[in-house]
Each structure stands twice: as structure tokens, then as C-alpha cells.
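Note that these values count all heavy atoms, side chains included, but never hydrogens, waters or copies made by symmetry. Along the sequence shown, residues are numbered consecutively beginning with 1. Atoms within a ligand are numbered from 1 in the order they appear, just like the ligands themselves.
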Amino acid sequence: MNSVERLFDRMPESADRLSSTGTWESGARQWPSSEQQTLICCRIVEETHDVRTFEFRTEDGLPVRFEPGQFMTVSGTVQGQSVARCYTISSPPTRPYLVSITVKRVPGGVMSNWLHENMKPGNQLHAYGPSGAFTSTASAAPKSLYLSAGSGVTPLMSMTRASVDLGLDRDIAFVHSARTPADIVFREELQRLVKLSPRLKVFFVCEGIGNEKTWVGATGRLSIQLLSEWLPDYADREVFTCGPAGYMSAVRDLLREGGHDPARYHQESFDISAAVAPEPAAPERERAQDTFTVKLSRSSKTFTMGVSETVLSAAKKAGVVIASSCTQGVCGTCKTKVLEGTVDMKHNGGIREREVQKGFRLLCCSRPTSDLVLEL
Ligand SMILES: Cc1cc2nc3c(=O)[nH]c(=O)nc-3n(C[C@H](O)[C@H](O)[C@H](O)COP(=O)(O)OP(=O)(O)OC[C@H]3O[C@@H](n4cnc5c(N)ncnc54)[C@H](O)[C@@H]3O)c2cc1C
Ligand code: FES
């Protein structure tokens with residue numbers, strides 16, 4: 001039996017199915033977010049002039065289990081430095097043998113440019129298992145509204161592809177904002193999916209027309225007027241939003257203006273500039289000691305830091321390299337055991353309660369409340 005036959009031989013035991021509640025269930029094996037695996041690049045798709053999809057299979061060819069909307073933390077050595085970044089799995093869990101990430105080149109960005117320039121079919125990429133809670137799977141809402149801008153399209157694309165693959169014909173309205181028509185990621189595929197799923201509606205709004213003089217779609221920015229015109233029932237929909245920080249804040253404002261219930265609003269930010277958690281309130285700062293000492297138990301390094309900094313940013317300033325990615329308490333890359341001392345941690349789902357009980361903290365969103373000894 002050759003490797004392809006062996007793969008097919010495994011398929012029945014990893015069959016994917018819908019649960020009785022209509023949510024996603026997969027027989028594919030779990031890949032814990034704390035476990036690194038080697039992925040092999042199989043295919044690269046040019047989506048736009050600065051966005052590429054990289055398709056991977058696992059080294060052993062086994063399928064991967066994840067929820068639509070989850071991300072992987074990928075890592076590589078770029079110019080001698082170990083770099084880790086989060087990328088949403090843009091493919092759906094209904095196609096568990098190939099996992100895709102769709103990456104926009106960020107000017108001056110380390111990982112996105114490295115992937116665009118170096119990742120070729122046959123090359124390896126190291127990645128930690130799927131993570132993140134931004135998924136529509138658990139939502140029992142009969143109608144959804146997906147709002148995305150730029151590369152923020154990826155989690156919503158995975159959710160849409162999964163819904164169409166499963167033949168669910170969910171009532172999904174997908175509104176994507178782009179700079180110009182040429183920047184619309186997955187444009188043709190989304191238009192094709194509409195034909196396959198009668199209750200899927202797709203709308204594009206572009207800031208400008210760029211070189212596409214024949215563009216007849218909406219131009220400008222998403223507004224409550226445009227949303228009401230396209231979707232008079234938008235206030236009844238469960239909203240999932242992903243895009244740059246400025247876009248998401250504008251979306252939140254316009255939905256609030258339109259009377260949408262904030263309890264039915266879910267978002268994920270890719271934006272590292274939005275990552276800096278707020279400083280402690282002034283009275284707390286006045287009470288607190290100004291600086292604390294941080295010791296690293298393995299390397300015996302020591303540095304001092306201010307109370308308003310995160311441990312990760314203070315370590316970086318002190319020349320201590322700590323693996324990190326999202327810097328917003330989402331991905332878990334900076335998880336470290338605090339052996340002595342206490343921190344104030346404000347995370348966004350990147351750590352489990354049982355890990356906190358064992359003394360682990362996310363250093364990107366933790367500020368010291370005493371001197372610290374870290375297991376590093
Ligand atoms: C949960 C999650 C999911 C994501 N999913 C996707 C996805 O599906 N697709 C996607 O394309 N992206 C996604 N991202 C974003 C991705 O993780 C990276 O942040 C993005 O690709 C940029 O990484 P980079 O290494 O290329 O850029 P970086 O090197 O991190 O740089 C980012 C920006 O900061 C600037 N910069 C870097 N260093 C400095 C400095 N010292 N001073 C000032 N400016 C500096 C750079 O010029 C650049 O503009 C996701 C992020 C998160 C958190
Ligand atoms: S770097 Fe992602 S949780 Fe800290």
C-alpha cells in the first residue's frame with residue numbers, strides 16, 4: 001500500500017460529521033495548541049498583488065481538527081532570530097487534510113515577507129496547533145453577519161467555506177471592505193459560493209476603484225446607510241468582525257448607532273498596534289511601587305521594569321528574547337511559569353484556567369505587582 005492509499009485507508013475513521021445540533025464535529029485528531037508540528041507546503045495561490053495562500057499538509061499526512069475561525073502560530077528563523085506569528089486557518093475544517101494560511105505582505109514585516117519570499121512547495125514550516133475562540137460554531141443564531149476588511153477576511157472565509165461544504169445553507173451575509181477591487185481577497189470564490197448556497201449573500205465595498213474602471217459595486221467606507229440598504233435586518237444578526245483596529249472600532253460605532261445589541265457582537269483583531277493593554281488606572285499606579293526586579297531562573301539574567309509595562313515589553317527592552325506572537329493575550333506563545341511573585345494579567349483567551357492554577361502567565365499582557373522569578 002503506498003502513502004496515498006494509506007491516507008485514503010484512514011479516511012473512514014477520521015470522517016467528519018454534523019452533530020445533532022447542527023454544529024461541527026470532526027473525527028480528525030486533536031492537535032494541541034502547545035504542540036509544535038512540521039507542516040509541508042503543497043501549493044501557493046496568488047490571491048491579490050500582496051496576498052498569498054499557502055497550503056500545507058502535516059508531515060505524517062494525517063488530518064487536522066480545528067474550528068472554523070481558529071488560528072495557528074507559525075514559527076521560523078528569520079535572519080538568525082526565531083520569529084512566531086499567528087495566522088488564521090483560512091481553509092475550512094471540512095477539508096482537514098490541507099490547512100491553508102492566507103498572508104498579506106506587511107511593509108517592513110518580518111514573517112509575512114519571509115513567507116512570501118521563502119515558502120515554496122516542498123518546504124517545511126513549524127506551527128503550533130489551532131487555537132482561538134473566534135468561531136461561529138457555537139452560535140445558534142439563525143442569521144449571521146460577517147464583516148471583514150483586508151486580511152481579516154480569513155476567519156470568516158473558513159466559516160463560510162465550512163457552511164457551504166456541509167450543505168447547511170445558513171443565512172450568512174458577508175460584507176467585505178477593501179481598498180480597491182483588486183485588493184478583494186477571495187473575490188471570485190465568494191461570488192461562486194453565493195451560487196452554491198442560496199441564503200449566502202456577499203457584498204463588497206471599496207474605498208476607491210483603483211485601476212478597475214468598470215467597477216459597479218459600492219465605493220467609500222461601510223456606513224449604516226449602506227448596511228441598512230443591503231440588509232434591512234442587520235440588527236437581528238449575530239455579528240462576527242475581523243480587520244484592522246480602526247475598521248473594527250468604526251464598525252462597533254456604526255452598529256451601536258444602528259441599535260445592534262453589543263452582546264451579539266464578536267470580533268478578532270490581527271492588529272499588533274491595538275495590542276497594548278491599558279495602563280493601570282492612576283490611583284493604582286500611585287499606590288504601587290515604581291519598579292520591580294525580574295530574575296530569569298535558567299539564564300540567571302536580571303532586569304528591572306516599571307509597573308506600567310508588560311513583562312514581555314520590558315524583557316525586550318532589556319535584550320531578553322522571549323517567544324511571542326500576537327502580544328495581546330490571544331495566542332499563548334509567551335506562556336511562561338512564574339516561579340515567584342505576582343502579576344496582574346489581562347488576557348484574551350490565550351491561557352486556560354488550569355495553566356493559571358499551575359503558575360503559568362502570558363507575559364505580553366501581565367504587569368508585575370511584585371518582584372518576579374520566571375522559569376526562563
Ligand atoms: C489571531 C491572529 C490571526 C491572524 N491572522 C492573520 C491572517 O490570516 N493573515 C494575515 O495576513 N495576518 C494575520 N495576522 C497578523 C499576523 O500575525 C502578523 O501580525 C502580520 O503578518 C505581520 O507580521 P510580520 O512579522 O510580517 O510583521 P512585523 O515584523 O510584526 O511588523 C508589523 C508592523 O510593525 C512594523 N514594525 C516592526 N518592527 C517595528 C519597530 N521596531 N518599530 C516600529 N515599527 C515596527 C512593521 O514595519 C510592520 O508595519 C493575525 C494575527 C493574529 C493575532
Ligand atoms: S504573545 Fe500571544 S499570548 Fe502573548
Regarding [X] and [Y], do their side chains bring together a donor and an acceptor under 3.5 Å, going by distance alone?
X      : Y      : result
Thr77  : Ser82  : no
His126 : Gln37  : no
Glu238 : Ser144 : no
Gln357 : Arg352 : no
Thr327 : Ser324 : no
Ser90  : Thr102 : yes
Ser197 : Asp169 : yes

Ligand 1 N/O within reach of [X] N/O, cut-off under 3.5 Å:
X      : value
Gln328 : no
Thr102 : yes
Thr88  : yes
Ser112 : yes
Pro107 : yes
Val110 : yes

Report, in ascending order of atom number, the atoms of ligand 2 lying under 4.0 Å from any heavy atom of [X].
X      : answer
Cys364 : 1 (S), 3 (S), 4 (Fe)
Cys331 : 1 (S), 2 (Fe), 3 (S)
Val330 : 3 (S)
Gly329 : 3 (S)

- Query: Cationic tip of Arg43 within the cone over Phe56's six-membered ring, i.e. under 6.0 Å and within 45° of the normal?
  - Reply: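 Relative to the ring axis of Phe56, which defines the angle, Arg43 lies outside at least one limit.
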
- Message: Tell me the nearest of Gln70, Met111, Arg85 to atom 23 (O) of ligand 1, using heavy-atom distances.
- Response: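 Looking at heavy atoms only, Arg85 sits closest to atom 23 (O) of ligand 1.
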
- Query: Which option out of Ser131, Gly350, Cys86, Ser90 puts a heavy atom nearest to atom 52 (C) of ligand 1?
  - Reply: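 That would be Cys86.
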
- With a cut-off of 2.8 Å, does Cys86 place any N/O/S atom under that distance from atom 2 (Fe) of ligand 2?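 Short answer: no, not a single N, O or S atom is under the cut-off.
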
- Query: For atom 2 (Fe) of ligand 2, does an N/O/S atom of Cys334 lie at less than 2.8 Å?
  - Reply: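 Under 2.8 Å: Cys334 has no N, O or S contact with atom 2 (Fe) of ligand 2.
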
- Out of curiosity, is Arg105 lining ligand 1, as in a heavy atom under 4.0 Å away?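 Heavy atoms of Arg105 never come under 4.0 Å of ligand 1.
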
At a 4.0 Å threshold, what atoms of ligand 1 neighbour a non-hydrogen atom of [X]?
X      : result
Cys326 : 53 (C)
Val106 : 22 (C), 48 (C), 49 (O)
Val103 : 11 (O)
Gly109 : 24 (P), 26 (O), 27 (O), 28 (P), 29 (O), 31 (O)
Thr154 : 7 (C), 8 (O)

- Hey, is Ser325 touching ligand 2 through its side chain, its backbone, both or neither, going by heavy atoms under 4.0 Å?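 The answer is the backbone of Ser325.
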
- Task: Mind checking whether Leu363 contacts ligand 2 via backbone (N, CA, C, O), side chain (CB onward), both or neither, at a 4.0 Å heavy-atom cut-off?
- Result: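 For Leu363, no heavy atom sits under 4.0 Å from ligand 2.
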
- Could you check His116, Lys104, Arg105 and say which one makes a side-chain hydrogen bond (donor to acceptor under 3.5 Å, both in side chains) with Asp50?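 Option passing the side-chain hydrogen bond (donor to acceptor under 3.5 Å, both in side chains) with Asp50: Lys104.
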
- Query: Of the protein's non-hydrogen atoms, which lies at the shortest distance from atom 3 (S) of ligand 2, and what is that distance?
  - Reply: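 Protein heavy atom with the smallest distance to atom 3 (S) of ligand 2: Gly332 N, 3.2 Å.
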
- Test: Glu355 and Lys337 ion pair at under 4.0 Å: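 The answer is no: the pair does not qualify as a salt bridge.
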
- Side-chain contact, heavy-atom cut-off 4.5 Å: Val175 with Leu222?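 The answer is yes; the side chains approach within 4.5 Å.
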
- Message: Are Ile101 and Thr53 packed together at the side-chain level, in the sense that at least one heavy-atom pair is separated by less than 4.5 angstrom?
- Response: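 Side-chain contact under 4.5 Å: no.
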
- For ligand 1, is any non-hydrogen atom under 4.0 Å from Phe71's backbone (N, CA, C, O), its side chain (CB onward), both, or neither?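 It is the side chain that touches ligand 1; the backbone stays farther off.
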
- What's the spacing between Glu340 CD and Lys295 NZ if we round to 0.5 Å?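 Here the rounded value is 7.5 Å.
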
- From CG (Leu363) to SG (Cys334), nearest 0.5 Å: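 Answer for the CG-SG pair, Leu363 versus Cys334, is 5.5 Å.
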
- Confirm or rule out an N/O/S atom of His347, from backbone or side chain, lying less than 2.8 Å from atom 4 (Fe) of ligand 2.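 No, outside the cut-off.
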
- Please indicate whether Lys201 has more than 12 foreign heavy atoms, meaning atoms of other residues, nucleotides or ligands, lying under 6.0 Å from its NZ.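 Check passes, neighbour count above 12.
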
